[in-house]
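Below you'll find the structure, written out as structure tokens, and then a few comments.
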Amino acid sequence: MPVTLALCPKACGPNRGPSPCERRSLSVSMLSTLDDLKNRLQTALVNAFGPDLEGTDPVLVPTNNPKFGDYQANVAMSLAKRLKDKPRAIATKIVENLTIDDLCEEPQIAGPGFINLKFKTDYLQNQLKAVYADERLGIPTANPPQRTIVDFSSPNIAKEMHVGHLRSTIIGESIARTLEFLGHDVLRLNHVGDWGTQFGMLITHLRDVCPEAMTDSSTVDIGDLVTFYKQAKKRFDDNDDFKTTSREAVVDLQSGDPEARLAWQALCEQSRKEFQKIYDRLDITLQERGESFYNPLLDDVVVDLKSLGLLEEDQGAQVVFLEGFTNKDGNPQPLIVKKTDGGFNYATTDLAAIRQRTTQEKAQRIIYVTDAGQANHFAQVFQVANRAQWIPEGVELVHVPFGLVKGEDGKKLKTRSGETIKLKELLNEAIDRAEKDLRQRIADETRDETEEFIHTVSTGVGMGAVKYADLSQNRTSDYIFSFDKMLALQGNTAPYMLYAYVRVQGISRKGDIDFSQLGDAPMLLAEESELTLAKHLLALDAVVMEVAQELYPNRLCQYLFELSQKFNQFYDRCSVLQAEEPNRTSRLMLCDLTARTLKLGLSLLGISVLGRM
RNA sequence: GGACCCUUAGCUCAGUGGAUAGAGCAACCGCCUUCUAAGCGGUCGGUCACUGGUUCGAAUCCAGUAGGGUCCGCCA
């Protein structure tokens, strides 16, 4: 199936910066070609039917079947009424005025009036050579770069990361990597839950079980934070004295009491260490900037909302009444920004963050990667920020929601005993299973491999599988978590793609080939499978640009899966090392370019390739 | 009461206006003297939940219906 290519209809709008269409000089690959084709079709339209047709979208889309060529222009059908003529006649006139013989074969008019276009092989060969010579594989850099914040992962202090944090972390990382690769100025923020009333009980409990934390946080080892949290919670629920002391501790902390503050820091530090272990394993880069960071800014949010006339008092709380949201009685629903007890909540923090990020960080695009259950919350916060005019012209706030991770029973993923699954254990199991599988394979093939090799491959395959399984799903839908499926060696999985990469490395080893020394040989696309692979390789830039715009990493996964399939077909049908020159070198270049494309694409997903497996 | 999301092959899912709706898995049948068969080819499989509308053209856009899910005042 052809990859859907973004012809950047949205990116060309106002306030979005220059579109990919304006970067032709930097781009050698498919986007520039399509843009070129589009312009020529527009010129043909004007030449055929006059200046009224200026700016008409030629509706250039990939064909759904190779027998129709590579791309088709569907504009003729839509013009039939306006031009009072038959679509096929219109298509004929367009083709008569179209000059594309340097790029394409003779256009074919088919069906009701489709104009089918097929690239000339020598044009593709030249394009491919240009991509081959380009370290960025034809992907342009953003001009100008956008200051972008990606807000993702966001676990809660004093709680262990669990499966619920997996998607935000993996999707956020991939989005950040993709935007960074395009040259955007990305700030990755971990908006951890490091503030709130739960710290009262935690501090009080810490004071009892680990008093040294109250004077020196650096030496403290609280151990298993989940157990610690549960113990504190149990005491809070069971013991009234403890509850009272905890509430006092909250006040202490908020008023800046040094001892409470030190205990809080100890808790945060402990959590941070645990989080970092997970981030290191997953190769995630994040800057922690928790809720507490915004504490000094919260008062101003309320004060300013008041002076703007948006603030109202309702049942003792300070609220902004929302448009388009009503409560059970049909009255406007409030967004609470200051609680009856004078405290602030998450809406206040998010509003303060928007202000800080747009003013101090100068963010032009702020991306929130959270579960879909928070869609209401963000819609409400964005609405208030908008009405308060805190979102400067041209700044885009975007909630990137994702669905639940469910077990194979279709219910929310839990352990057999009903506990939340810890992320640490989930990753361990993925690696353990990958290792078991690998050892079996090594035994079956009577290979001799070192423990280090087994460790490296198991880890790479396990981590890659977990990430790829998540990213390859359309993020908006819930997804069913299955170790068996994600680690499967066939199908749309990480191992399948890693294997395609390994196959290229195998050729390099076997033939003692240094891919960097292939020189300036011509690319020859003689066989059908070579041509198909080449066309797919050229489509990388369009896919990456689309992911950056729409923020759906599964599109890139789909592309890479299809690339692996097309490579395997080529590998099956065309021998490389045994081929005669000049085909041999050309095929080696195709292999190398495939491997580089896989490596780059997987890296944008946060997945590392392996040389052997 | 309101907001949002979902319903596509036996299963898991792609597919946000273009030709005959795709893939993987499962099932079945083939292909290793040749670069790792963790691969390739083939067969089987669908009233795109339903009803209407817009359009030259609808799985896709709009309205409604049914079913499933999530969220909604002092947690985040």
Side-chain angles (χ1 to χ4, degrees), chain A residues 1 4 59 61 63-65 67-68 72 74 76-81 86-87 110-114 116 154 156 191 193 195-198 291 314-319 322 324-331 333-341 343-347 349-350 370-377 379-380 401 403-404 408 437-438 441 445 447 461 472-474 476-480 482 484-485 488-493 495-496 498-500 502-511 513 550 554-555 557-558 561-562 564-565 568-569 571-573 575-579 591 612-613:
Chain A
M1 203 182 85
T4 308
V59 198
V61 297
T63 61
N64 64 359
N65 190 324
K67 79 181 179 193
F68 298 133
Q72 57 187 55
N74 298 338
M77 284 82 79
S78 59
L79 287 175
K81 201 171 268 183
K86 290 188 178 121
F114 299 112
N116 291 337
S154 311
N156 289 317
H191 193 80
W195 203 253
T197 48
Q198 78 273 22
E291 292 167 347
D314 189 52
Q315 296 171 33
Q318 303 297 312
V319 309
L322 296 159
F325 296 89
T326 54
N327 64 19
K328 285 159 188 149
D329 307 319
N331 298 318
Q333 193 178 307
L335 182 75
I336 293 174
V337 293
K338 191 167 186 176
K339 301 188 287 186
T340 304
D341 67 4
F344 303 103
N345 61 13
Y346 65 122
T349 307
D350 279 333
T370 82
D371 66 278
Q374 296 190 50
N376 264 337
H377 165 68
Q380 293 170 359
L404 293 170
E408 293 186 65
D437 209 76
L438 178 64
R441 175 163 296 282
E445 296 172 1
R447 282 157 65 186
V461 169
S472 60
Q473 198 92 183
N474 183 317
T476 57
S477 47
D478 293 347
Y479 109 91
I480 296 185
S482 162
D484 288 336
K485 283 192 175 155
L489 307 167
Q490 52 280 113
N492 189 4
T493 64
Y496 178 84
L498 293 173
Y499 179 60
V502 162
R503 280 186 136 176
V504 176
Q505 307 317 308
I507 289 173
S508 150
R509 275 193 303 275
K510 180 92 177 189
I513 306 294
E550 311 290 335
N554 67 304
R555 306 273 164 81
C557 294
Q558 187 67 28
F561 176 54
E562 286 167 8
S564 304
Q565 281 183 314
N568 279 329
Q569 285 157 7
Y571 183 94
D572 196 52
R573 287 160 210 184
S575 57
V576 177
L577 293 173
Q578 282 94 337
C591 288
R612 287 196 309 126
M613 62 192 280

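Chain A is the first sequence line, chain B the second, and so forth, proteins listed ahead of strands; every chain is numbered from 1.
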(message) I want to verify the glycosidic state of rC32(B); is it syn or anti under the 90° rule?
(response) syn
(message) Among rU34(B), rG73(B), rA38(B), which nucleotide has an atom closest to any side-chain atom of Gln578(A)?
(response) rU34(B)
(request) Could you tell me the separation between the CG atom of Asn492(A) and the C1' atom of rG15(B), rounded to a whole number of Å? (result) 14 Å
(request) Report the nucleotide, chosen from rG39(B), rC74(B), rC40(B), that has the shortest atom-to-atom distance to any side-chain atom of Arg503(A). (result) rG39(B)
(request) Can you tell me, in whole Å, how much space there is between the C1' of rU12(B) and that of rU55(B)? (result) 34 Å
(request) Using a cut-off of strictly less than 4.0 Å, decide whether Lys485(A) has a side-chain nitrogen or oxygen near OP1 or OP2 of rC25(B). (result) no
(request) Look at the side chain of Asn116(A) against the base of rA19(B) and say whether a donor-acceptor pair falls under 3.5 Å; ignore hydrogens and angles. (result) yes
(message) Both distances below 3.5 Å, Watson-Crick or wobble geometry, any strand: find the nucleotide opposite rC75(B).
(response) none
(request) Please state whether the base of rC5(B) and the side chain of Thr476(A) form at least one donor-acceptor pair under 3.5 Å? (result) no
(message) By nearest atom, which of the nucleotides rG15(B), rA23(B), rG1(B) is closest to the Asn554(A) side chain?
(response) rG15(B)
(request) Could you tell me whether the phosphate oxygens of rC75(B), OP1 or OP2, come under 4.0 Å of any side-chain nitrogen or oxygen in Lys339(A)? (result) yes
(message) From C-beta outward on Thr326(A), which listed nucleotide comes closest to its side chain: rC13(B), rG1(B), rG18(B)?
(response) rG1(B)
(request) Would you check if Phe114(A) and Thr63(A) make a side-chain contact, meaning some heavy-atom pair closer than 4.5 Å? (result) no
(message) In the structure I gave you, are the side-chain heavy atoms of Asn492(A) and Gln558(A) within less than 4.5 Å of one another anywhere?
(response) yes
(message) Between rA21(B) and rU47(B), how many Å separate the two P atoms, rounded to a whole number?
(response) 12 Å
(message) Between Thr476(A) and Asn474(A), is there a side-chain donor-acceptor contact under 3.5 Å, judged purely by atom types and distance?
(response) yes
(message) Let's go through Leu335(A) and Phe325(A) carefully: what are the C-alpha distance in whole Å and the side-chain angles of both, what is the deciding distance for side-chain contact (heavy atoms from CB on, under 4.5 Å) to 0.1 Å, and is it a yes or a no?
(response) CA-CA 10 Å; Leu335(A) 182 75; Phe325(A) 296 89; over 6 Å; no
(request) Find the partner of rC61(B): check Watson-Crick (N1-N3 plus N6-O4 or O6-N4) and G-U wobble (N1-O2, O6-N3) distances, both under 3.5 Å, and reply none if neither fits. (result) rG53(B)
(request) Please measure how far the P atom in rG53(B) lies from the corresponding atom in rA59(B), and state the result in whole Å. (result) 15 Å
(message) Could you check whether any side-chain heavy atom of His377(A) comes within less than 4.5 Å of a side-chain heavy atom of Asp350(A), counting everything from C-beta outward?
(response) yes
(message) Let's see if you can work this out: which of rC72(B), rA19(B), rG73(B) has an atom nearest to the side-chain heavy atoms of Gln333(A)?
(response) rC72(B)
(message) If I take atom CD in residue Gln380(A) and atom P in nucleotide rC72(B), what distance separates them, rounded to the nearest angstrom?
(response) 9 Å
(message) Heavy atoms only, 4.0 Å cut-off, all strands: where does Pro87(A) land among base, sugar-phosphate and nothing?
(response) nothing
(request) Please state whether the base of rC71(B) and the side chain of Asn376(A) form at least one donor-acceptor pair under 3.5 Å? (result) yes
(message) From CG of Asn568(A) over to C1' of rG24(B), roughly how many Å is that when rounded to an integer?
(response) 14 Å
(message) If you compare every side-chain N and O of Gln490(A) against the phosphate oxygens of rG39(B) (OP1, OP2), does one of them come in below 4.0 Å?
(response) yes
(request) Check every atom of rA23(B), rU55(B), rG73(B) against the side chain of Phe561(A) and return the nucleotide holding the closest atom. (result) rA23(B)
(message) Please pick, from rC35(B), rA14(B), rC74(B), the nucleotide with the shortest atom-to-atom distance to any side-chain atom of Ile336(A).
(response) rC74(B)
(message) For Asp437(A) and Leu489(A): C-alpha separation, side-chain torsions, deciding distance, then whether side-chain contact (heavy atoms from CB on, under 4.5 Å) applies.
(response) CA-CA 10 Å; Asp437(A) 209 76; Leu489(A) 307 167; 3.6 Å; yes
(message) Would you measure the distance from the P atom in rG45(B) across to the matching atom in rC40(B) and give it in whole Å?
(response) 23 Å
(request) Figure out the CD/P separation between Gln374(A) and rC72(B), and round it to whole Å. (result) 10 Å
(request) Take the protein atom CD of Gln558(A) and the nucleotide atom C1' of rU12(B), then report the distance between them rounded to whole Å. (result) 14 Å
(request) Output yes when at least one side-chain N/O atom of Ser482(A) is less than 4.0 Å from OP1 or OP2 of rC25(B), else no. (result) no
(request) Give the intermediate values and the outcome of side-chain contact (heavy atoms from CB on, under 4.5 Å) for residues Gln473(A) and Asn554(A). (result) CA-CA 6 Å; Gln473(A) 198 92 183; Asn554(A) 67 304; 5.9 Å; no
(request) May I ask you to verify if any side-chain N or O of Gln569(A) is less than 4.0 angstrom from the OP1 or OP2 atom of rG41(B)? (result) yes
(message) Taking the minimum atom-to-atom distance to the side chain of Ser78(A), which one of rG73(B), rC56(B), rC35(B) wins?
(response) rC56(B)
(message) By nearest atom, which of the nucleotides rG1(B), rA38(B), rU16(B) is closest to the Arg555(A) side chain?
(response) rU16(B)
(request) Please measure how far the P atom in rC71(B) lies from the corresponding atom in rG39(B), and state the result in whole Å. (result) 40 Å
(request) Would you state whether a donor and an acceptor, one from the side chain of Gln565(A) and one from the base of rA23(B), lie under 3.5 Å apart? (result) no
(message) Any strand counts, and the cut-off is 3.5 Å on both contacts for Watson-Crick or G-U wobble. Which nucleotide pairs with rC48(B)?
(response) none
(message) Strictly below 4.0 Å: does Gln505(A) bring a side-chain N or O up to OP1 or OP2 of rC35(B)?
(response) no
(message) If you compare every side-chain N and O of Tyr496(A) against the phosphate oxygens of rC40(B) (OP1, OP2), does one of them come in below 4.0 Å?
(response) yes
(message) With a 4.0 Å limit, can you tell me whether Asn64(A) has a side-chain N or O closer than that to the phosphate oxygens OP1/OP2 of rA19(B)?
(response) yes
(message) Taking rG18(B) as the reference, what is the distance to rG57(B) when you measure between their C1' atoms (whole Å, please)?
(response) 7 Å
(request) Go through rC74(B), rA3(B), rA38(B) for me and flag the one nearest to the Phe325(A) side chain. (result) rA3(B)
(message) Under the criterion of centre distance below 5.5 Å and interplanar angle below 30°, is Phe68(A) classified as stacked on the base of rA19(B)?
(response) yes
(request) Mind checking Gly113(A) for me? I need base, sugar-phosphate or nothing, with any heavy atom below 4.0 Å counting as a touch. (result) nothing
(request) Check the distance between rU34(B)'s P and Ile507(A)'s CD1 and give it to me in whole angstrom. (result) 15 Å
(request) Starting at atom CG of Asp478(A), determine the distance to atom P of rC13(B), rounded to an integer number of angstrom. (result) 8 Å
(message) Nearest whole Å is fine: how far is rC75(B) P from Phe344(A) CZ?
(response) 14 Å
(request) Using the C1' atom on both, measure rG69(B) against rA27(B) and round to a whole Å. (result) 32 Å
(message) Taking rC6(B) as the reference, what is the distance to rG15(B) when you measure between their C1' atoms (whole Å, please)?
(response) 15 Å
